Structure formats: C-alpha cells, structure tokens
Amino acid sequence: MPELPEVETIRRQLDPAISGAVITDCVTFDHPKFTPAHLAVGRRVVSVGRRGKYLLVHLLPDGAATGSAAGNGEHLIVHLGMTGRLHVDADRRRATGTDDEPYRRARWTLADGRSLVFTDVRRFGRIAVVPNGAPTGLATLDRMGPEPFDPAFDALALRSGVNASRRAIKTQLLSQQLVAGLGNIYADEALWAAGVHPAARRLTVARAERLAQAIRSVLSAGIEAGGTTLRDYRDANGDSGGFQFQLHCYGRAGEPCDRCAAELVRTVIDARSTTFCRVCQRR
DNA sequence: CGATTTCCCTGGCCGC
DNA sequence: TGCGGCCAGGGAAATC
C-alpha cells in the first residue's frame, strides 16, 4: 500500500541510482497495464520525480541534450498499486530477463548491465510512457490536487474543497483531488491527529487548519521513517520502513486511543476500512 | 455529468 | 493438515 511517503522514499533512492542511465531493453508481463514499459527503450533517464503516489521518471532520447530539439522528453510513469516494488538489479547475468523471478511485471535493462525491476504480486500497479507536459490519460493523475508541501495546499483550499462536496471527508482525502498522496493509512492518521471525524462533511476554518497541518506532519513523519511496512512494502533497497511503529490509529481498532484512552473503533467508509476515536474525533 | 458502485488481483489468515 | 471463504485496497471502468 505505497502512499506518498513510501513512493517518496523509493524516489530518493532511485534518483541517484539511475539518473543518467540509458535503457537498452525491456521485458514485461503480457498485460496492457505493464506492456507500455517497452516504450522507454532507447531513452536516457534524466531524473526520478514523483506526483502524489506516482513515480515520474523523466526520459530523453539517448544522446539528446536537455532542452534540445528533442523537446521536453517523456515520463515513464510507474504506479505501485498495492504490492508494487521497484529495485535496481546489478546482476548482469539476469539482464536479459530470461530467468524468472516471481511476480515480475517489467524489467528494464540499462546500458551499464544493471536493470530496473518492477514486481507486483497483485497487479494493481500500472506503467505508462507519455510525452512530458501533456495529459497522461491517467484520470487520477490528470486531476490530481496540490502536493501537500506545496503552498497551493492550505487550510482555505482544503476547507472550500471539502465543503463543496457532500461526500465524507475521508473519501475526499482518498480521491487525490484535494491533496495528493494520501492513502488509507495516512488519511486515518491525519484525521486522528487533527481530531476530525472521518465521516464529517464540513470543516470549520479552525479544523481545516488543524487537518492541513496534520496531513503535512503525518506525511513528513512517514517520509522521515522511510514509509510504513505492514506486509508488502519494501523500499528500492529491499528494506522495510519504520512508520508502522508510530501509528496512532490505523489498524488499531479495539486498542485504546493514545490521546484519551477510549477504545478505537472500526467502521467502513466508501468501502474502505476506517479506524477512529469516537471521543476525540468529532463531526 | 458528477456521484456511486463494481471490478481487478492473490497471499495470508481464520475457522472448521 | 487441508481447504473454503473472506479481507486488504488504489484506481479505472461501468453504472446510476
């Protein structure tokens, strides 16, 4: 369940590892969600970026100079879905991809003999290659709200966005349209930290300020800890994150609230398991 | 046309 | 021990 902190952790590891590398070959699992990976062949990696939960690998044609007539290049977009993992494999003997590793969905061979490998047990992930600057055709990405650390994301924008819809605030946070990068874990944590009921449909100015700040601080702490590993998540080095030891709310139904000691309860909002404290999270 | 529901996937876990 | 059934859940397609 990679959310913004997990994807950012991987981005920070991959950027120095593959920037400058040239993609010379590719093999994929035969499914339309993954076969677009082939379109990255013949390109050079400029840098590894991120938007919400999407990794955006900036590509230019091999040999092109930045800002040349080759244009603005392309983005190799990788969404990790639920169980996606990316890592760099330095074993040249496996570069052709003829040997099989379980659940591999794509392997990009690099000119220096290494390769970038994407595995995804449950195939909720997705790969695309699109011209930089154009709509990606991925609806969630094209409609994505501001990054949580962007000045465009503030309490007033959050409040007006929430109040403009009748949907539960938890649902809206997961939609990616009010703010980018929250998934079920960090949404529950942020709502708990801000003292906002997950089914609330309106925010006061004061609560919007608390929630905007909580979103930023929860995501910062998640990045700082290298993400949350409950089961599947591993970073680009194969290591687990550490934020699972700092969770106050997510997955703790039945346990006492760290703030008021009341029993945390589980409910379902928009088909998503939701944990919260009835006492300190008011509508 | 925006809101809501369904479906995609498979490993892990629970209970019998 | 074996196995059926259920759960996890982001996002896109289908439907309301």
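Numbered from 1 within each chain, the chains take letters A, B, ... in sequence-line order. Because the structure is a prediction, the values reported are computed rather than measured.
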For a quick test of reading the model: is some side-chain N or O of Thr140(A) closer than 4.0 Å to OP1 or OP2 of dG11(C)? no
Counting just side-chain N and O atoms, does Lys33(A) come under 4.0 Å of either OP1 or OP2 of dG11(C)? no
Phosphate OP1/OP2 of dG11(C) contacted by His79(A) side-chain N/O (<4.0 Å): yes
Gln176(A) side-chain proximity, nearest of dG12(B), dG10(C), dG11(C): dG11(C)
Tyr103(A) side chain near dG11(B) phosphate (N/O to OP1/OP2, under 4.0 Å): yes
Side-chain N or O of Thr83(A) versus OP1/OP2 of dC9(B): is the shortest distance under 4.0 Å? no
Does the side chain of Arg266(A) get closer than 4.0 angstrom to OP1 or OP2 of dA8(C) through an N or O atom? yes
Under 3.5 Å, is there an N or O donor on one side and an acceptor on the other linking the side chain of Arg272(A) and the base of dG10(C)? yes
Pick the nucleotide of DNA chain C nearest each of Leu138(A) and Met82(A); which residue has the one closer to the 5' end? Met82(A)
His31(A) vs dC8(B): side-chain N/O to OP1/OP2 distance below 4.0 Å: no
Identify, between Ala271(A) and Arg166(A), the residue whose nearest nucleotide on DNA chain B lies closer to the 5' end. Arg166(A)
With hydrogens left out and only the distance checked, is there a donor-acceptor pair under 3.5 Å joining Arg126(A)'s side chain and the base of dG10(C)? no
Establish, from distance only, whether the side-chain atoms of Thr136(A) and Asp142(A) form a donor-acceptor pair under 3.5 Å. yes
What nucleic acid atoms does Arg123(A) come within less than 4.0 Å of, heavy atoms only: base, sugar-phosphate, or nothing? sugar-phosphate
Would one find a side-chain N or O of Arg167(A) under 4.0 angstrom from OP1 or OP2 of dT4(B)? yes
Would you say the base of dG9(C) stacks on Phe124(A) (centre-to-centre below 5.5 Å, plane angle below 30°)? yes
